[in-house]
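These notes are about the structure you will find just below.
Each ligand, and each atom within it, is numbered from 1 in the order the structure gives. It should be emphasised that the depicted structure is a prediction, and the values quoted were computed from it without experimental measurement. This chain uses plain numbering: 1 for the first residue, then up along the sequence.
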Amino acid sequence: MKLLQSKHVIPAISFIIAGCTILVLSGILSPVRAADAEKPNIVLIYTDDLGYGDVSCNGATKVQTPNIDRLAAEGLNFTDAHCAAATCTPSRYAMLTGEYAWRMKGTGILPGDAKMAIAPGRTTIPSMLKNAGYTTGVVGKWHLGLGDGSKPIDWNAEVKPGPREIGFDYSFLVPATGDRVPCVYLENYRVVDLDPSDPIQVSYGKKIGDDPTGREHPELLKMKFSHGHDCTIVNGISRIGYMSGGNSARWVDEDMADVLSHKAVTFIDENREKPFFLYFSTHDIHVPRVPNSRFVGKSGCGTRGDAIVQLDWCVGQVLDKLDELGLKDNTLVIFSSDNGPVYDDGYEDGAVEDRNGHDAAGPLRGGKYSRFEGGTRVPMLVRWPGKVEPKTTSDALFSQVDLLASLASLVDEKLDEEAGPDSFDTLDVLLGKSDSGREYLVEQGNGLSLRMGEWKYMPETKGAKINKNTATELGPEGSLFNLKDDIGEKENLIDQQPEIAKKMDGVLKKIQEDGRSR
Ligand code: NG6
Ligand code: CA
């Protein structure tokens, strides 16, 4: 019996020892790779216009975000993480493709009838993860264009190419933004709840149809516009662009957070048995900010604050679903924002007057549209129980443009030479195993700026000091700031340190001229 035992025990022991060695070595030498463990699900919660200081885990005291804070308590909180640009389309383009958007025409803020900004077939986060065996889905704001541009989009037929052609198996979209027509959801290729006898037409040029506009009929509005946003009225709110028809398909803004959260958790539910990637792109807290009545008045900071409370609830829905299905430990959750904060972004919603001292950018200067830090330095939280230390902070310089290469590294997918031309594998930083962030980073706002070590350089641009619509500081002057001493970018050192500025100018030009940085 003893003999018999040892025959089986010895190989078993050596197997355990070998296993331990691999585990120990992998723990010391490299971050977790998919080969070491089962592939984790990946949930990317991507918020809209949420500033660094908008969440209580980053110091907000007036607005409370308990669910978002849960991610910080259970994971890693970045203090110097950046979206690639200070507005939505370029930011999302860069994150999904791993290419700075300023390299590519057609990646500025897009109208709702624009063609796809990302070429079908191109390597993206979802296509890469699909190759690695993931089921991939996007729920929420898209704003990356649809169709191939060969003809105007026909919203009554199949609308494609779209997310599927760049790697998403499933999509449920707000096609552009909440403030742009068409105000309908698109599920895969089709507008949801469309009555064929009431076809949709969309125009970003001349007015079409008989629907009243905000410009002609301000008395019909439940929320007035402050700039732009004076075209077709849908649900009592006038939008950018004109639409007619599709009445049964039009969304109700007050229900949008519920609808999108429901679709997000349904996607998780339906794919719980296999590795999945969910890009949950919330509409909150973009304008029009029209939170559900459950959240109205809940923040004490006006409608913008209430939209943050609603956003926090959406995050809670996703986290609760992961708990309920026992998926928490095997799911990497990444939470971030597509650009910095803005108060009045085109509607009189009280965002400025009712903010009650809440400071959306925290200690940072500028916000949405700006190349000051407030434009792109955004909240970023990473949770993966057992793999990412809870309650930790990273001051590493991190960029969302690196998510493509970093996630590829996580799931052991090799990127082609031409894929993700600006995306570096910084998985160790993403998972909190290393503090050495990017050596340099280009920020895109009203012009470009460059981060290198403690320095931030902004070449002179033509342009305004302040965006007159939003009151966001833009900063057209040539500037050099030392962020170690001056996180608020108050003291311009360009005349004191001309050689540093010159060196950084050269680096920035080279990154631009080279056409790629990886
Ligand atoms: C601007 C809109 C603003 C917002 C932004 C896009 C006006 C005056 N302003 O042009 O309201 O829609 O575009 O925001 O129309 S983003 O977060 O999607 O980039
Ligand atoms: Ca945005």
### Task
Could you tell me which atoms of ligand 1, counted from 1 in the order shown, lie closer than 4.0 angstrom to a heavy atom of Asp179?
3 (C), 4 (C), 11 (O), 12 (O)
### Query
So which heavy atom in the protein is nearest atom 19 (O) of ligand 1, and how far is it from that ligand atom?
Cys88 N, 2.8 Å
### Query
Can you tell me if an N/O/S atom from Asn339 lies under 3.0 Å from the Ca ion (ligand 2)?
yes
### Query
Does a salt bridge link Asp80 with Arg377, judged by any charged N lying under 4.0 Å from a carboxylate O?
yes
### Task
Considering only non-hydrogen protein atoms, determine which one is nearest to atom 18 (O) of ligand 1 and report residue, atom name and distance to 0.1 Å.
Lys141 NZ, 2.8 Å
### Query
Of all the non-hydrogen atoms in the protein, which one sits nearest to atom 14 (O) of ligand 1, and at what distance?
Lys368 NZ, 2.7 Å
### Tyr347 six-ring face occupied by Arg289 cation (under 6.0 Å, within 45°)
no
#### Entry: Proximal ligand 1 atoms for His143, defined as those under 4.0 Å from one of its heavy atoms
18 (O)
### Task
Just go through Tyr347, Tyr369, Phe225 and tell me whose heavy atom is the nearest to atom 1 (C) of ligand 1.
Tyr369
### Query
Are any of the N/O atoms in Asn469 less than 3.5 Å from those in ligand 1?
no
### Task
Between Ile109 and ligand 1, find which residue part has any heavy-atom pair under 4.0 Å and reply side chain, backbone, both or neither.
side chain
### Query
Using 4.0 Å as the upper bound for N to carboxylate O, is an ion pair formed by Glu473 and Arg365?
yes
### Backbone or side-chain N or O of Asp49 under 3.5 Å from ligand 1 N or O
yes
#### Entry: N or O contact, Thr177 vs ligand 1, cut-off under 3.5 Å
no
### Message
To check your reading of the model: name the closest protein heavy atom to atom 13 (O) of ligand 1, its residue, and the distance in Å.
### Response
Arg180 NH2, 3.0 Å
#### Entry: Salt-bridge contact Asp211-Arg250 (side-chain N to carboxylate O under 4.0 Å)
yes
### Query
Of the protein's non-hydrogen atoms, which lies at the shortest distance from atom 8 (C) of ligand 1, and what is that distance?
His227 CD2, 3.4 Å
### Task
Among all protein heavy atoms, pick out the one at the shortest distance from atom 15 (O) of ligand 1; state its residue, atom name and that distance to 0.1 Å.
Ile240 CD1, 3.4 Å
### Query
Crowded around His227 NE2? As in, over 12 foreign heavy atoms under 6.0 Å?
yes
